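Just so it is clear: chains get the letters A, B, ... in the order the sequence lines come, proteins before strands, and each one is counted from 1. Note that the structure is a prediction, hence the values are computed from the model and not measured.
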There are 2 protein chains.
Amino acid sequence: MEIIYHIGSIPLFKGLPRPLLEDLAMIVVVQMFKKRQNIFTDGDDGNGFYVVISGRVKIFKASLEGKEQILHIFGPGEPFGEVPVFAGLKFPASAESMEESRIFFFPRDAFIGLIKKSPDIAMNMLAVLSRRLIRFTQLIENLSLKEVPGRLAAYLLYLNKLNKGSQDLELDISKGQLASLLGTIPETLSRILGRMHKTGLIESDGPRIKIVDVKGLENLAVAGGRL
Amino acid sequence: MEIIYHIGSIPLFKGLPRPLLEDLAMIVVVQMFKKRQNIFTDGDDGNGFYVVISGRVKIFKASLEGKEQILHIFGPGEPFGEVPVFAGLKFPASAESMEESRIFFFPRDAFIGLIKKSPDIAMNMLAVLSRRLIRFTQLIENLSLKEVPGRLAAYLLYLNKLNKGSQDLELDISKGQLASLLGTIPETLSRILGRMHKTGLIESDGPRIKIVDVKGLENLAVAGGRL
DNA sequence: CGTGGCCTTGATAAAGTTCAAGAGCCGTGG
DNA sequence: CCACGGCTCTTGAACTTTATCAAGGCCACG
């Protein structure tokens, strides 16, 4: 069945025996979201978690004044919204689709039953949560210890690594969203891109960015680097 | 045996059957740390995790210029340093004792073996990591969406809640360390405490702080409040 | 009684945000 | 086919917040 195929290709469920995949298929609920649709909101009660099958989802915190801080952007195969499954019941942040997305929902109680049967699922989930803690640690370091140029430099180098070292990058999110991800606002991001261009670190043309000076960016990305 | 008693009183191991506690006692390594002693450093390889038995430990990120951001302060019964056990191998932050502390160390491989035998340990650990994610989410919200007065107000209200609503608080960490926890520096913290005093939100005398205007603090603590 | 640590206070500087205006782009509809 | 409206992005100037640098006070401890 198609569902089983998708479930089997989720890293979280990698290497599970066929019968367990079938159990998972029994409890999954398939959901579709259009672009910019709310999936859950900070403070809502959660009674299960989600996995992106296609499309993209952002997890974020919003302030009253309308500023947002993006915590994650998740694509196919990535789970999200697990926290209420294991601790308390409320989502600590909000989730929204960034494009048309297909999402699998796994209800809490049935899923916990499966975990207790399979230490492998538990270990995989522990790995997922641990990686998320690493990501948050970096985000906190960026917000607290680095200035915006340093955060941007770190992000560009991250894209650079994703692209196996290619210095020709293409932003796959809008600059406004990138600002939210970096903990700043579009105006500031725009100015800093301009400054990086002027000082010869990058070349920039809309969403295409070319890294000219890797060393210079690495220097900036270290907490303490100055532009 | 004394070790077993301590292990049994760790929330992470709450409700485990006696034989499992004995297994844990077999693999534990007891360590003592004096005040301000390094336990592990950001980037080190980790081959196990820790539980505070007595004393206190801070987990933090440091920048080259010497600024630090405290991520957690852990006391008796609280585990730390679990991330390398489940994801990759490196600690994403550093740990240091804040006072003389007794710490139990559980080596990775033996512990993973126990987890696979006991879904209860796994579930408890999932809960621990999930709560940590909640804490990080709040920290990120504070750093990104609130200004320092808002962060301080939120912290005072947190102490207020810990003390079951008492408005007479006593800081149990130095103001310098509190500044690190709030993502700022001592000078700024000092000024803001002064301003809160002057505007009648609190009364402050060294480490003793009395909340005068709960509503006012709550208003500040919401992302968007102004002092 | 002096010395070092911690905290406070002041003056100054830097970084980032806000507000405002305008440019470029794209899809829609006349 | 072009004009319009709406969006994102950019740029400038003023302002706010926070950090930095420097100095002085307070207190505990030897």
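Between A:Phe13 and A:Phe106, the ring center distance clears the sub-6.0 Å criterion. With ring centers used as reference points, B:Phe74 lies 6.0 Å or more from B:Tyr50.
Distance CZ/B:Phe40 to CG/B:Asn38: 9.0 Å, rounded to 0.5 Å.
Atom CG of A:Leu189 and atom P of C:dA15 are 17 Å apart (whole Å).
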Inset, instruction - Could you give me the CA-CA distance, side-chain angles and deciding distance for B:Lys61 and B:Asp42, then say whether salt bridge (charged side-chain N to carboxylate O under 4.0 Å, His left out) is met? - result: CA-CA 7 Å; B:Lys61 273 273 185 187; B:Asp42 190 4; 3.0 Å; yes
Inset, instruction - Could you give me the CA-CA distance, side-chain angles and deciding distance for B:Glu100 and B:Lys35, then say whether salt bridge (charged side-chain N to carboxylate O under 4.0 Å, His left out) is met? - result: CA-CA 5 Å; B:Glu100 173 154 316; B:Lys35 186 171 179 163; over 6 Å; no
Legend entry - Sequence-aligned protein contact record of nucleotides 13-30 of chain D, with B where the base is within under 4.0 Å of a protein heavy atom and S where only the sugar-phosphate is: B---SSSBB---------
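Under a 4.0 Å N-O distance rule, the pair A:Arg102/A:Glu2 qualifies as a salt bridge. Using a cutoff of 4.0 Å between basic side-chain nitrogens and carboxylate oxygens, B:Lys90 and B:Asp45 are scored as salt-bridged.
Judged purely by distance below 3.5 Å, without hydrogens or angles, the side chains of B:Glu68 and B:Gln177 pair a donor atom with an acceptor atom.
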List every contact pair, protein side and nucleotides 5-9 of chain D side both N or O, where the distance is under 3.5 Å.
| from | atom 1 | to | atom 2 | distance (Å) |
| --- | --- | --- | --- | --- |
| D:dC9 | OP1 | A:Lys175 | N | 2.8 |
| D:dC9 | OP2 | A:Gly176 | N | 3.0 |

